[in-house]
Protein chains: 2
Amino acid sequence: MTGASDRSRRVTLMDVARHAGVSRATASLVLRESPLVAEPTRLKVRDAVRELGYVYNRGAASLRMRRSHTVGLVISGLANPFFADFIEGVERELRPAGYVAFLANTFDDPERQGMLIRTLLEHQIDGMLIVAAAGSSAEIGVPPEAVDIPYVLATRPVPGVAASYVGTDNRAGARMAVDHLLGHGARRIAYFGGPEDGAARMERQAAVAERLAESESDLDPAWTVPSPVSTTDGQHVARALVSSSAPPDAVIAHSDAIAFGVMRSLRDAGIEVGTRCRVVGFDDVEQARAWSPSLTSVSVKAATLGGRAAQMLLERIRAPEIPPESLVLEPQLVVRESCGCGRDS
Amino acid sequence: MTGASDRSRRVTLMDVARHAGVSRATASLVLRESPLVAEPTRLKVRDAVRELGYVYNRGAASLRMRRSHTVGLVISGLANPFFADFIEGVERELRPAGYVAFLANTFDDPERQGMLIRTLLEHQIDGMLIVAAAGSSAEIGVPPEAVDIPYVLATRPVPGVAASYVGTDNRAGARMAVDHLLGHGARRIAYFGGPEDGAARMERQAAVAERLAESESDLDPAWTVPSPVSTTDGQHVARALVSSSAPPDAVIAHSDAIAFGVMRSLRDAGIEVGTRCRVVGFDDVEQARAWSPSLTSVSVKAATLGGRAAQMLLERIRAPEIPPESLVLEPQLVVRESCGCGRDS
DNA sequence: GCGCTTTCTTAGATCGATCTAATACAACGC
DNA sequence: GCGTTGTATTAGATCGATCTAAGAAAGCGC
């Protein structure tokens with residue numbers, strides 16, 4: 001009697017209204033906490049909802065309301081632990097605002113990204129948070145005029161796209177890393193990994209080269225090898241480069257995930273990390289602290305970044321007419337063991 | 001003229017039909033590749049779709065169809081790298097079937113899990129894939145009669161719930177780990193971490209105790225400390241236990257994430273991993289191979305597991321009447337350095 | 001009792017698709 | 001020419017909510 005149970009048709013607002021002895025419209029008002037409804041009526045409806053086990057049909061509602069309370073979350077590669085934190089930050093903002101996220105993983109493939117975005121659009125999302133696949137051209141995979149919902153780019157800027165953006169100051173982060181390594185006496189500094197045509201990688205590399213030039217050194221092009229962002233890839237890249245006759249005495253890795261792989265390859269080659277070769281990563285993921293040696297990393301506070309990106313998106317959904325804005329967070333160098341601190345200083 | 005552009009109202013199927021000079025119904029048939037439509041008509045409609053930049057409205061469609069092509073993906077803790085692989089496996093199955101996933105992260109909190117599931121249900125998902133929060137009672141957070149859609153439990157069995165389940169043979173995995181450690185001469189074996197009332201943890205712990213009993217040893221209750229599944233937590237748990245007068249000579253960690261933290265604490269306490277204390281993890285995440293020393297781990301092939309779970313869910317969505325089934329995958333011990341192999345054998 | 005607010009409720013149109021049942025139009029056999 | 005069959009198309013109802021505009025009820029002043 002009381003439970004919803006197994007009737008084939010779902011319980012609808014109409015059923016609730018009938019059961020409470022009011023109209024559909026009134027029942028609807030109660031659900032939306034409208035102040036227009038008198039207290040006794042409100043209670044009757046609430047009871048009916050409970051007794052019938054009614055479940056609100058957001059799909060039907062958003063058809064009318066033109067708002068699905070749904071956003072797309074397009075990520076370049078979930079395997080990177082950075083995104084675990086990032087997504088947590090995003091969710092923490094979305095949830096209280098009544099939004100849920102569709103997750104889409106592009107594996108850093110712009111074509112796949114286009115497909116996924118098209119699918120998300122069909123699901124009537126209200127907005128998108130995009131960590132663009134490396135090599136995304138101006139269209140982020142779909143013709144820009146087709147995307148008539150607000151979106152925010154995170155972490156990876158896409159050249160030529162005038163959308164809102166939240167990211168880190170890559171140049172500043174890279175300079176910090178180089179400065180610190182130079183302070184340790186390192187001179188032969190390499191930049192390992194990162195997607196081939198990723199904007200973040202290019203910015204950081206340029207900053208590294210620039211800083212090295214200032215101290216009359218330079219960045220050997222052979223030491224700037226792109227790679228996908230994973231530990232395994234970091235291991236491969238480093239293995240090839242480290243066995244050369246004159247290996248680098250310091251490595252800046254494009255991400256912590258890559259740095260982990262790099263450190264492993266160094267160890268395998270018999271090169272002690274922190275003394276013969278110093279390593280600095282990017283992202284400051286959770287495991288950086290626990291690794292042996294613990295990883296010095298340029299922290300970009302993934303959760304904060306995700307949170308701010310989500311805030312910005314919600315803002316734009318509320319007021320789409322505001323012009324795109326950019327937010328560049330200042331990174332911070334978290335000094336641990338892999339750079340040599342606590343060993344030689 | 002040709003582009004969709006910025007008209008305030010979205011382009012609808014009605015517009016497409018008008019533009020192509022056919023009826024709404026016909027246009028709909030074309031979109032769904034119905035063989036009923038004559039070739040010339042089909043082409044006219046296709047052109048109209050392209051010219052107007054029409055985007056299919058799945059929300060409207062599913063209202064009528066009673067199928068949203070959407071599933072919920074409820075995860076206990078994204079921070080665990082295990083789930084990166086798991087989700088990749090899930091997505092790889094869902095995508096080609098035309099499904100997208102809503103992501104929800106419960107932080108291992110049954111109450112939050114209930115809230116999230118209710119929200120997902122409101123969004124008219126067709127099914128759910130749940131990695132239950134530890135301590136989920138029989139209701140997985142919502143009254144079971146309210147959940148009238150198929151769902152599949154993954155990794156964590158929930159006692160008392162007769163739903164489909166995909167997981168690993170925890171007992172077998174635990175026995176493998178113990179066997180291997182015993183073979184190395186370890187006698188004082190601990191089981192560290194895992195959520196307090198998690199079924200997986202209990203199963204494994206029981207198996208460890210059982211196996212130890214067989215070899216006339218036993219599992220010291222003080223050495224079976226629960227903890228959340230993260231590297232930081234693993235570090236904390238181990239720090240406390242390892243500084244005792246008679247520390248264990250081997251540790252089985254509930255997950256690789258925890259094992260990483262444990263190894264760090266061992267190192268900090270001056271205990272060499274692989275000789276004075278051997279460590280085995282669970283999950284075989286990507287970083288296990290690269291860690292120093294590399295982590296011996298009971299592999300549960302997260303991506304495979306996710307994929308199978310997704311397959312099972314899709315199957316149940318297609319045919320909800322089939323009785324719940326269980327799939328228990330056999331784990332595999334991936335031997336690396338942390339157990340002492342390559343050092344003393 | 002009448003008009004005028006104020007407060008509460010509701011009928012009916014609407015969002016954008018699908019689905020059913022009906023229809024228009026050939027072609028065909030006889 | 002008539003019924004039959006088959007192919008291609010469509011009008012109109014429908015899914016389950018919201019929203020507008022209008023109606024009913026109650027309170028109040030005089």
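Order of the sequence lines fixes the chain letters, A, B, ..., with proteins taken first and strands second; residue numbering starts at 1 for each chain. Keep in mind that what you see is a predicted model, and the values were worked out from it rather than measured.
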Rounded to the nearest angstrom, tell me the gap between atom [atom1] in [X] and atom [atom2] in [N].
{"X": "R9(A)", "N": "dG16(D)", "atom1": "CZ", "atom2": "C1'", "answer": "10 Å"}
{"X": "L13(A)", "N": "dG12(C)", "atom1": "CG", "atom2": "P", "answer": "17 Å"}
{"X": "R24(A)", "N": "dC15(D)", "atom1": "CZ", "atom2": "P", "answer": "11 Å"}
{"X": "L31(B)", "N": "dG16(C)", "atom1": "CG", "atom2": "P", "answer": "15 Å"}
{"X": "R67(A)", "N": "dG16(C)", "atom1": "CZ", "atom2": "P", "answer": "15 Å"}
{"X": "N57(A)", "N": "dT14(D)", "atom1": "CG", "atom2": "C1'", "answer": "14 Å"}
{"X": "R66(A)", "N": "dC15(C)", "atom1": "CZ", "atom2": "C1'", "answer": "6 Å"}
{"X": "M14(A)", "N": "dC15(D)", "atom1": "CE", "atom2": "P", "answer": "11 Å"}

Can you name the nearest heavy-atom pair linking Y165(B) to A154(B), along with the distance?
CE1-C, 4.4 Å

Below 4.0 angstrom from OP1 or OP2 of dC15(C), is there any side-chain N or O of R10(B)?
no

Would you tell me if any nitrogen or oxygen in the side chain of S23(A) comes within less than 4.0 Å of OP1 or OP2 on dT9(C)?
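No, because none of the side-chain N or O atoms of S23(A) sits under 4.0 Å from OP1 or OP2 of dT9(C).
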
Do T70(A) and Q124(A) have side-chain N/O donor and acceptor atoms under 3.5 Å apart?
no

Test item: side-chain donor near acceptor, R32(B) and S28(B), under 3.5 Å:
yes

Taking the nucleotide of DNA chain C with the closest heavy atom to each, which residue, R64(A) or T41(A), is nearer the 5' end?
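Checking each residue's closest nucleotide, the 5'-ward one belongs to T41(A).
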
Which part of the nucleic acid, if any, lies within contact of [X], taking any heavy atom under 4.0 Å across all strands shown: a base, the sugar-phosphate backbone alone, or nothing?
{"X": "R58(B)", "value": "nothing"}
{"X": "T12(B)", "value": "sugar-phosphate"}
{"X": "A38(B)", "value": "sugar-phosphate"}
{"X": "A61(B)", "value": "sugar-phosphate"}

Are K44(B) and D47(B) within salt-bridge range, i.e. N to O under 4.0 Å?
no

Strictly below 4.0 Å, N to O, side chains only: are D126(A) and R318(A) in salt-bridge contact?
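Judged by the 4.0 Å cut-off on N to carboxylate O distance, D126(A) and R318(A) do not form a salt bridge.
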
Closest to side chain of Y54(B), choosing from dA17(D), dT9(C), dA17(C):
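Closest nucleotide among those given: dA17(C).
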
Shortest side-chain distance from Y56(B), nucleotide among dT9(D), dA11(D), dT18(C):
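Comparing dT9(D), dA11(D), dT18(C) against the side chain of Y56(B), the answer is dT18(C).
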
Taking for L63(B) and for E39(B) the nucleotide of DNA chain D with the nearest heavy atom, the one nearer the 5' end belongs to E39(B)

